[in-house]
Amino acid sequence: MVKVKICGLQTTADIDAVNEALPEFVGFVFAKSKRQVTAEAVREMAEGLVPTIKKVGVFVNADIDQMLLDCKTARLDYIQLHGDETPDDIRRIRKKTDLPIIKAIRMRAPMTEADLNQYDADYFLFDVYSEKGYGGIGESFDLHLMEPFRGRNNIILAGGLSSDNIIEKLSQFTPFMIDVSSGVETDGMKDREKIKQIISLVQDGSQH
């Protein structure tokens with residue numbers, strides 16, 4: 001069964017929406033963006049989160065010590081590195097925390113297993129490469145670039161996913177999890193019905 005991560009939660013209304021829809025993961029953006037939240041706000045919001053839903057902190061080129069302090073304050077379950085973090089950066093992070101690490105890869109050219117294996121990450125999230133920013137921009141990339149990673153059980157697919165295209169995307173590539181943010185928003189805010197719809201489609205599509 002393909003899992004779902006709803007990323008970019010900002011409000012208690014967002015928490016209520018995911019509690020109803022029950023994705024396996026949710027993401028909170030600590031990097032500068034329109035969805036940025038503080039560790040204190042996440043900790044307060046997440047007190048009302050269904051305990052089975054895992055909390056992911058999304059960081060972009062963050063100071064390692066500050067990032068780990070934010071993880072502790074917010075009581076996060078996973079770290080997502082969505083910037084230009086190097087293999088050495090990840091090795092330094094590994095020495096300081098036991099939290100699982102998700103490394104985002106911004107796709108613009110073919111990659112190989114060797115390219116991935118240089119990173120000591122638990123999961124790899126593939127997103128579109130764009131000059132506009134480091135994710136959450138609602139654009140897709142060519143899934144043919146994913147061919148070398150077919151069959152891996154630690155791949156997260158992101159980039160322009162929505163209820164309109166998720167069945168087609170899953171027919172092309174089956175990841176461990178999908179990550180969706182702008183695709184479940186209306187006017188820049190999380191939309192409860194869109195969240196429920198995409199989770200339902202993923203669950204139905206995963207069973208076929």
Do you know which two heavy atoms are closest between [X] and [Y], and how far apart they sit?
X      : Y      : result
Leu145 : Pro148 : O-CD, 3.4 Å
His82  : Ala104 : ND1-CB, 3.3 Å
Tyr119 : Ile90  : CD2-CD1, 3.6 Å
Pro23  : Ile53  : O-CG1, 3.4 Å
Lys5   : Val58  : NZ-CG2, 4.3 Å
Gly183 : Lys194 : O-CD, 4.1 Å

| note | The single option from Val56, Ile102, Ile105 that satisfies side-chain contact (heavy atoms from CB on, under 4.5 Å) with Ile156 is Ile102

Hey, is the main chain of [Y] close enough, under 3.5 Å, to the side chain of [X] for a donor-acceptor pair?
X      : Y      : result
Gln36  : Phe30  : yes
Asp204 : Leu201 : no
Asp70  : Ala39  : no
Asn165 : Gly160 : yes
Asp127 : Arg106 : no
Lys190 : Cys7   : yes
Asp191 : Val184 : no

| Has Arg75 got more than 12 heavy atoms of other residues, nucleotides or ligands less than 6.0 Å from its CZ? | no

| said: For Thr174 and Val2: C-alpha separation, side-chain torsions, deciding distance, then whether side-chain contact (heavy atoms from CB on, under 4.5 Å) applies. | reply: CA-CA 7 Å; Thr174 304; Val2 176; 3.8 Å; yes

Do [X] and [Y] sit in one hydrophobic cluster, given that two such residues count as connected whenever their side-chain heavy atoms are within less than 4.5 Å of each other, even indirectly?
X      : Y      : answer
Leu22  : Phe28  : yes
Phe173 : Val202 : yes
Ile93  : Leu99  : yes
Val26  : Leu125 : no
Leu69  : Val29  : no

Would you mind checking if [Y] and [X] are paired as a salt bridge, meaning a charged N to carboxylate O distance below 4.0 Å?
X      : Y      : answer
Arg94  : Asp120 : yes
Glu185 : Lys34  : no
Lys196 : Glu193 : yes

| task | Please report the C-alpha distance between Ile178 and Val4 in whole Å, then the side-chain angles of each, then the deciding distance to 0.1 Å, and finally whether the side-chain contact (heavy atoms from CB on, under 4.5 Å) criterion is met. | result | CA-CA 5 Å; Ile178 66 151; Val4 176; 4.1 Å; yes

| task | Indicate whether the side chain of Asp115 and that of Thr112 have a donor and an acceptor atom separated by less than 3.5 Å. | result | yes

| query | Is there a side-chain contact between Gln172 and Glu168 (heavy atoms, below 4.5 Å)? | reply | yes

| request: Go through the steps for Arg150 and Glu147 under the test salt bridge (Lys or Arg N to Asp or Glu O under 4.0 Å), then give the verdict. | output: CA-CA 5 Å; Arg150 195 175 292 279; Glu147 278 303 319; 2.5 Å; yes

| said: Apply side-chain contact (heavy atoms from CB on, under 4.5 Å) to residues Arg152 and Leu116 and explain how you reach the verdict. | reply: CA-CA 11 Å; Arg152 285 187 71 133; Leu116 282 198; 3.8 Å; yes

| task | Begin from the C-alpha positions of Lys96 and Asp65 and carry the test side-chain contact (heavy atoms from CB on, under 4.5 Å) through to its verdict. | result | CA-CA 9 Å; Lys96 297 186 176 188; Asp65 289 332; 2.8 Å; yes

| request: Give a yes or no on whether the ring-centroid distance for Phe124 and Phe149 is below 6.0 angstrom. | output: no

| request: Assign the ring pair Tyr123 / Tyr78 to parallel, tilted or perpendicular, where the plane angle (0 to 90°) is split at 30° and 60°. | output: tilted

| request: Starting at CD of Gln118, measure out to CD of Glu113 and round the result to the nearest 0.5 Å. | output: 12.5 Å

